[in-house]
Chemist: 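Below you will find the structure I want to go over with you.
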Amino acid sequence: MKYEFERIEKKWQDRWDAEQTYAARTDDMRKKFYALVEFPYPSGHGLHVGHARPYTAMDVVARKRRMEGYNVLFPIGWDAFGLPTENYAIANKVHPTKVTEENIQVFKKQLKMLGYSFDWSREINTTDPEYIKWTQWIFLKFYEKGLAYKEKMPVNWCTSCKIVLANEEVVDNACERCGSPVIRKEKSQWMLKITEYAQRLLDDLDGLDYIERVKVQQRNWIGRSIGADVNFVTTAGDVLQVFTTRPDTLFGVTYMVMAPEHAYIKKWADRIKNYDEVRSYCQQAGRKSDFERTEMAKEKTGVKLSGVRAINPVTGEEIPIFISDYVLATYGTGAIMAVPGHDTRDWEFAKAFGLPIIEVVKGGNVEEAAFTDVETGMMTNSGFLNGLEVSDAKKTILKWLEEKGIGAPKTNFKLRDWVFSRQRYWGEPIPMVHCEKCGYVPLPEDQLPLLLPDVESYEPTDNGESPLAKVRSWVETTCPRCGGPAERETDTMPNWAGSSWYYLRYADPHCSNAPASPQALQYWTPVDWYNGGMEHTTLHLLYSRFWHKFLYDLGVVPTKEPYLKRTSHGMILGEGGEKMSKSRGNVVNPTDIVKRYGADTMRMYIMFIGDFEKTAPWSTKAVKGCKRFLDRVWNLGETVQEGGRYSEKTLRAIHKTVKKVTEDIEAMKFNTAIAALMSLVNDFTANGVNKADMKTLLKLLSPFAPHIAEELWEILGFEGMACVSRWPEYDESLLVDDSVQMAVQINGKFRGTITVPADSGEEVVTSAALQLEKVSRQLRNMRIIKTILVKNKLVNLLIQPL
RNA sequence: GCCGGAGUGGCGGAACUGGCAGACGCCCGGGACUUAAAAUCCCGUGGGAGCAUAUCCCGUACCGGUUCGAGCCCGGUCUCCGGCACCA
């Protein structure tokens, strides 16, 4: 009989559906295992091989854990709000709801074709009114706790489309769609205070089982700097505060710099004699985009304030103050003390403006470059700090600053608060009302969900407001507080909102009085294993950790962290090693592969393609290799012997394979697990196989290729289903062979192999080695001075002329 | 510039804790089956010298070190990929 993958796969998918084989049960005595993959954005392009890799990987893990006796929750849903759908709706004049529905149908069909063991009864959709309700509810809680606030922010503004662009829509400082230049424009935006949680988001990483590169990237993104705030008295009679990580270099401060946006510029307007020049520099800097500002990084520009100077608190000397755009308004205090001898940027600025450079830490040549080393070096030209090591100088100066009341220790973070407003249609409406009298008033909880109104067109207005602003009947409302006339907020939430808590909803997807019931959360959370893309490390992953911690503080969730373990997959490139893209015409559609070779082959290949964490190029030829493998497995099914003896060697091979596959799946070394299965199948093909061993093979194969495993399982008359059978165990004593092949080396050079009983001692091994012709020849007129034996591996004879 | 990761056959990639480098698969070559082709099966396959399945040499980006022994450890160099980017 031929391996009819199409018929077999359909048959078992229908059966699993009908029998709800993969439904997770909340009332269960078994140990739970919550496996999570990033839910897809249902775009119009359909499923991509980029989805298949991580989904198959976690499906393999989930299936294996299920067979090991865990109560497994492996859910799926739709992250359905977002720009592409909105743009498609605009272009084709269809409602985004309709587009979303259609896309979901396509995705669902494609996912089912791949045979994933998702619990479809828990399917969720972020655009579902019941889901929106809880996303909005969480926002109201943020507002209630003072963590949601409104602030004027520079936004990306396309000069041609006249709309606000998300950062992702800005490519090389131009509009992604029309290519026109993008400038910065001030706009009032809703913000979430993620910075309030910076310290905890950083500290709690230590206890998590995330792959190292994820931790590192999050740490860098949060960017903690430990230093001090220092106050400089100015000749204007006030105090200019700076943040520095190097208070030890205070004696080397020869000037100060303020950001062009610094509030003191206006405050000192009357004193600054060159105010016009200063103002024009500031305006110029403001017009520059972030991109231009960093592009210009090579050349330092700035203007010296004339009329106001500062006093170095340790030397008492007057120093000039500059305005320069190399100082950022948004970090620290927006002003710095410049130490050109020991900071590269200050050094460049000092060189450009002819300012004095003083060496205060020995170790470099400050005439040639700033000496920035903090590990070594002794203080010099630094009064009472002279002769101290940098680390001691830091402590001493901090104490001194605190005693004098002019400085204090301070920790700063790079992390910025989260811009939470989008001037778009297809997102959750922000549930706030603006009243002339009461200001911003939150919508009462019983009015949730606040749904999007039906509109004629989804284009943003030409003044940058959300399309919702045009729907007067929706915008005009009454103030929940005073009952007077009021207007709804017309900004919507970013697509990161719904994905910040979706893993909680899976625990209890139909809960009507909370995001999920406390009992369900108690049982299922935290997520045991979450796999997703590296590109989500600093946005989605960090955002959801932030929401989770906030919900923990509210008492809504029982754990401090949402995900215990985080792994990440590499990208799949096109056939030639280039990125897959429509324009290159090298996009692989998983559905095509499934139709041509079957889902099991697709699954095998995507797992066999290479190291799971690394990028790997697609190869259709190699796909065929996996198909051949499954064909061989299928043929084995027809040659299985009822009973029969198998060789001792094969028995050991089976046990070794069980161990290898068991361990490799947990380590996400799917490629070597499959290689081991291939070797075993080669053994079976060559030596024959009996029913019991075939059963073990089918169990091991089931997570990777569930359909063929199930079909052969049934044909061979085994009970129940392979996917819920007991995962095989291995016998430690059968992992080692009775006799082993060992390498023989002479003076470290490989000379041949010998076969000896396992665990043989030096005497046995040496005498076996001496029987090798090559060895005895080498030993002529020589004597052995030392024998190095590595048990069951190798023997190295060190020899010397007689 | 800073942080992280990686350099192994014609290709994707294996290699435990420092112990026979190249598992497994692809490609390729030879053979069997076939009228023929496809499919399948068997054999070979890192490079070089050699009639040789004798024997020998070379070989894990490069230079050096430690070691009986290094793809793996240490010091330095180069290249590629990813992230951040004037964060004081």
Side-chain angles (χ1 to χ4, degrees), chain A residues 211-217 219-221 223-225 227 242-246 249 256-257 259 290 293-298 300 324-328 330-339 342-346 348-349 372 412-416 534-535 537-538 570-571 577 604-605 608-611 613-626 628-629 631-632 635 660 663 669 671-682 685-686 741-754 773-774 777 785-799:
Chain A
I211 51 171
E212 199 53 30
R213 56 197 175 121
V214 168
K215 283 194 187 182
V216 167
Q217 219 164 294
R219 282 195 194 108
N220 290 346
W221 187 261
R224 175 169 55 193
S225 288
V242 300
F243 171 72
T244 179
T245 54
R246 299 292 305 275
T249 60
M256 298 183 79
V257 189
D290 289 349
R293 270 170 92 148
T294 47
E295 264 302 275
M296 305 305 262
K298 301 147 215 159
K300 294 277 183 287
S324 173
D325 64 5
Y326 86 90
V327 172
L328 305 176
T330 47
Y331 186 78
T333 64
I336 61 151
M337 58 179 229
V339 188
H342 305 281
D343 180 281
T344 310
R345 296 147 301 177
D346 296 345
E348 284 166 2
F349 190 87
T372 57
N412 266 323
F413 296 92
K414 281 193 217 176
L415 188 68
R416 290 295 122 81
M534 277 311 284
E535 70 275 20
T537 302
T538 51
M571 241 195 331
M604 287 303 284
Y605 176 63
F608 188 59
I609 195 166
D611 185 333
E613 288 199 13
K614 287 197 207 132
T615 44
W618 181 267
S619 160
T620 302
K621 281 188 176 147
V623 174
K624 288 184 193 162
C626 289
R628 275 200 277 268
F629 166 69
D631 281 334
R632 280 205 301 278
N635 294 336
K660 179 91 181 135
E663 289 174 356
K669 291 166 80 174
N671 53 338
T672 50
I674 290 171
L677 288 173
M678 287 174 169
S679 295
L680 190 64
V681 167
N682 289 344
T685 306
Q741 228 187 30
M742 288 179 63
V744 179
Q745 293 185 346
I746 291 178
N747 288 346
K749 245 186 175 353
F750 173 75
R751 292 296 164 193
T753 56
I754 50 170
E773 202 255 314
K774 262 194 208 177
R777 195 179 343 131
I785 52 165
K786 197 176 175 189
T787 306
I788 292 152
L789 180 75
V790 182
K791 232 184 204 176
N792 299 333
K793 291 270 180 195
L794 122 179
V795 61
N796 187 7
L797 306 173
L798 303 186
I799 59 172

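Here is how names work: the chains are called A, B, and so on, in the same order as the sequence lines, proteins then strands, and each is numbered from 1. Quick caveat, the model's predicted, so the values are computed rather than measured. Quick note: numbers below take in every heavy atom, side chains included, and nothing from hydrogens, waters or symmetry partners.
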Chemist: Return the nearest nucleotide to the side chain of A/K669; candidates are B/rC68, B/rA15, B/rA88.
Modeler: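 When the side chain of A/K669 is considered, B/rA15 is the closest of B/rC68, B/rA15, B/rA88.
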Chemist: Please report, rounded to the nearest Å, how far the P atom of B/rG22 is from the CZ atom of A/F750.
Modeler: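 Roughly 9 Å, once rounded to whole Å.
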Chemist: Taking the C1' atom of each, how far is B/rU40 from B/rU34, in whole Å?
Modeler: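 To the nearest whole Å, 12 Å.
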Chemist: Of the nucleotides B/rA14, B/rC86, B/rG19, which has the atom closest to the A/T672 side chain?
Modeler: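 Selected nucleotide: B/rA14.
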Chemist: Any side-chain N or O of A/R628 less than 4.0 Å from the OP1 or OP2 oxygen of B/rC26?
Modeler: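 Indeed, a polar side-chain atom of A/R628 lies that close.
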Chemist: With C1' as the reference atom in both, quote the distance from B/rG76 to B/rU66 in angstrom, rounded to an integer.
Modeler: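 Per the computed distance, 15 Å lies between those C1' atoms.
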Chemist: If you find the nucleotide of RNA chain B closest to A/G625 and the one closest to A/G748, which residue's nucleotide is nearer the 5' end?
Modeler: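 This one resolves to A/G625.
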Chemist: Syn or anti for B/rG9? Use the chi torsion, O4'-C1'-N9-C4 for purines and O4'-C1'-N1-C2 for pyrimidines, with syn inside 90° of 0.
Modeler: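 With its glycosidic angle within 90° of zero, B/rG9 counts as syn.
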Chemist: Pick the C1' atom in B/rU79 and in B/rU8, then give their distance to the nearest Å.
Modeler: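 B/rU79 and B/rU8 have their C1' atoms separated by 15 Å.
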Chemist: Would you indicate, yes or no, if B/rG19 has its OP1 or OP2 atom less than 4.0 angstrom from a side-chain nitrogen or oxygen of A/N796?
Modeler: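 A/N796 to B/rG19 OP1/OP2: no side-chain N or O under 4.0 Å.
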Chemist: So what does A/E212 touch, heavy atoms closer than 4.0 Å: a base, only the sugar-phosphate, or nothing?
Modeler: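 Touches nothing.
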Chemist: If you measure from the C1' atom in B/rG47 to the same atom in B/rA21, how many Å do you get, rounded?
Modeler: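 To the nearest whole Å, 14 Å.
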Chemist: Are A/K774 and B/rC56 close enough that a side-chain N or O sits under 4.0 Å from OP1 or OP2?
Modeler: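 Yes.
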Chemist: Verify the contact: side-chain N or O of A/N220 to OP1 or OP2 of B/rA85, cut-off strictly under 4.0 Å; return yes or no.
Modeler: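 Answer is no, no contact under 4.0 Å.
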Chemist: Got a donor-acceptor pair under 3.5 Å from the side chain of A/K414 to the base of B/rC84?
Modeler: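 Under the 3.5 Å cut-off, the side chain and the base do not form any donor-acceptor pair.
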Chemist: Select one nucleotide: of B/rC24, B/rG19, B/rG4, the one nearest the side-chain heavy atoms of A/I788.
Modeler: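 Selected nucleotide: B/rG19.
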Chemist: What's the closest nucleotide to the A/K300 side chain, out of B/rG13, B/rG19, B/rC86?
Modeler: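 For A/K300, the side-chain atoms sit closest to B/rC86.
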Chemist: What is the distance from NZ of A/K621 to P of B/rC24, rounded to the nearest Å?
Modeler: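 That distance rounds to 21 Å.
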Chemist: Compare side-chain N and O positions of A/K749 against OP1 and OP2 of B/rC58 and report whether any pair is under 4.0 Å apart.
Modeler: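 A/K749 to B/rC58 OP1/OP2: side-chain N or O found under 4.0 Å.
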Chemist: Taking only the P atom of each, what is the distance from B/rG44 to B/rA54 in whole angstrom?
Modeler: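 It works out to 14 Å between them.
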Chemist: State which of B/rC20, B/rC24, B/rC84 makes the closest approach to the side chain of A/T753.
Modeler: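 When the side chain of A/T753 is considered, B/rC20 is the closest of B/rC20, B/rC24, B/rC84.
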Chemist: Please report, rounded to the nearest Å, how far the P atom of B/rA23 is from the CD atom of A/Q741.
Modeler: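 Rounded to whole Å, this separation is 15 Å.
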Chemist: Choose from B/rC27, B/rC68, B/rC41 the nucleotide whose nearest atom is closest to any side-chain atom of A/R632.
Modeler: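 Nearest to the side chain of A/R632 among the choices is B/rC41.
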Chemist: Taking the six-membered ring of A/F349 (Phe, Tyr or Trp), confirm whether the NZ or CZ of A/K300 is under 6.0 Å from its centre and within 45° of its axis.
Modeler: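 Judged by the rule (NZ or CZ under 6.0 Å from the ring centre, within 45° of its axis), A/K300 is not positioned above A/F349.
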Chemist: Please enumerate all residues that pass side chain to side chain contact (heavy atoms under 4.5 Å, CB included) together with A/E773, with sequence neighbours excluded.
Modeler: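 With neighbours one apart ignored, the set is A/R777.
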Chemist: How does RNA chain B look in dot-bracket form if you count Watson-Crick and G-U pairs under 3.5 Å, write [ ] for pairs that cross, and put | where a base pairs with another strand?
Modeler: (((((((..(((......[....))).(((((.......))))).((((.....))))..(((((..]....))))))))))))....
